[in-house]
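Only one structure is covered here, and it is reproduced in the block below.
Note that the structure is a prediction, hence the values are computed from the model and not measured.
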Amino acid sequence: MYSIITLLIISLLVLLPHHLEAISSCNESCRTLNDCEGQLICIKGKCDDDPDIGTKICDGGGGSGGGSCKSSGTLICKGKSFLKFKCSPPITSSTPAKLTNNDFSEGGDGGAPSQCDERFHSNTERVVALSTGWYNDGSRCGKIIKITAKNGRSTTAKVVDQCDSQNGCDAEHAGQPPCKNDIVDGSNAVWSALGLDTDLGVVDVTWSMASNDDVYALKHYT
């Protein structure tokens with residue numbers, strides 16, 4: 001009897017460290033999908049970005065490589081100089097961003113149709129454009145994101161376009177300069193769902209990739 005109890009205690013001591021280390025961060029060791037924190041996934045024994053939902057937490061976001069996002073140059077537009085970016089800040093479960101307003105309908109602010117589907121979208125649709133880094137060469141097209149305002153209200157929206165952080169001041173971009181690299185450009189419906197006045201122009205928000213429950217709610221209750 002004593003030997004059985006001893007073996008049980010030893011087994012628990014062996015397993016305990018692994019349980020305490022169950023939530024791992026970028027590049028830390030893992031064994032199962034549940035070993036990694038947040039939106040990370042276990043790939044080849046290490047926690048890494050989940051390619052299925054397009055997270056860019058471990059490599060700095062938007063293909064920038066590393067944790068920094070440096071300007072890729074400048075563009076002169078209407079006599080002013082604007083920084084250009086290929087990257088955006090890392091995506092987390094609560095990514096700080098600037099919410100701007102865009103008319104995705106024909107003849108609206110964007111000029112050309114949305115890049116993801118080559119379509120125009122009504123102002124009643126909850127759709128957004130993301131800065132170039134977050135757009136990530138279109139990998140987030142059709143994905144659902146969750147946006148939260150400082151007033152506590154949240155909403156979901158579909159990614160349909162890029163808020164170009166590299167180019168601008170031409171007909172394709174309706175004469176507008178390059179976007180900053182931390183922009184979520186939302187339709188009127190997004191602003192309305194958040195209880196925000198579009199006359200504010202720019203508002204601080206946070207965003208993340210939507211959960212399965214958020215996606216279900218968007219499909220079945222809107």
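- Here the side chains of I91 and W207 are in contact, with some heavy-atom distance below 4.5 Å.
- Listed here is the closest heavy atom pair of K98 and V202: CB-CG1, 3.8 Å.
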Checklist entry - Yes or no on side chain to side chain contact (heavy atoms under 4.5 Å, CB included) for V184 and V190, after CA distance, side-chain angles and deciding distance? => result CA-CA 10 Å; V184 174; V190 170; over 6 Å; no
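- Here the rule is side chain to side chain donor-acceptor pair (under 3.5 Å) with N101, and of D199, N188, N123, T198 only N188 fits it.
- Side-chain contact between N181 and P89 is present, with at least one heavy-atom pair separated by less than 4.5 Å.
- Atoms NZ and CD1, on K158 and I145 in that order, are 12.5 Å from each other to the nearest 0.5 Å.
- Expressed to the nearest 0.5 Å, how far OG1 of T148 lies from CG of L194 amounts to 8.0 Å.
- Listed by chain and number, the residues in a side-chain contact (heavy atoms from CB on, under 4.5 Å) with S122 are T124, E125 (sequence neighbours excluded).
- At distances below 3.5 Å, at least one donor-acceptor pair connects side-chain atoms of R126 with backbone N or O atoms of T156.
- S139 and D137 are not linked by any side-chain donor-acceptor pair at a separation below 3.5 angstrom, with hydrogens and angles left out of the test.
- The distance from atom CG of L130 to atom CG of N136, rounded to the nearest 0.5 Å, is 10.0 Å.
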Item to check | Stepwise side chain to side chain contact (heavy atoms under 4.5 Å, CB included) check, C179 with D164 | outcome: CA-CA 6 Å; C179 282; D164 201 331; 5.8 Å; no
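- Contact annotation: the side chain of S187 never approaches that of H121 to less than 4.5 Å [non-hydrogen atoms, C-beta and beyond].
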Next on the checklist: Could you walk me through whether D185 and V128 satisfy the side chain to side chain contact (heavy atoms under 4.5 Å, CB included) test, starting with their C-alpha distance in whole Å, then the side-chain angles of each, then the deciding distance to 0.1 Å, before giving a yes or no?
Outcome noted: CA-CA 5 Å; D185 201 22; V128 297; 5.9 Å; no
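- Minimum interatomic distance between Q166 and K84 (heavy atoms only, all atoms of both residues): O-CD, 2.9 Å.
- With W191 as the partner, the side chain to side chain contact (heavy atoms under 4.5 Å, CB included) test is satisfied by one option alone out of L99, N102, I147, D197: L99.
- Rounding to the nearest 0.5 angstrom, the gap separating the OG1 atom in T155 from the NZ atom in K146 is 10.0 Å.
- Across all their heavy atoms, T132 and K86 have their closest contact at CG2-O, 4.0 Å.
- Looking at every heavy atom in both residues, F104 comes nearest to S114 through CD2-OG, 3.9 Å.
- Distance NZ/K180 to OG/S165: 11.0 Å, rounded to 0.5 Å.
- When every heavy atom of C116 is checked against every heavy atom of V159, the shortest pair comes out as SG-O, 3.9 Å.
- Note: Y135 OH to S88 OG = 13.0 Å, rounded to the nearest 0.5 Å.
- T95 has its side chain within reach of W134: a pair of non-hydrogen atoms, C-beta onward, lies under 4.5 Å apart.
- Residue D182 comes nearest to S131 through the heavy atom pair N-OG, 3.4 Å, listed as atom of the first residue, atom of the second, then distance.
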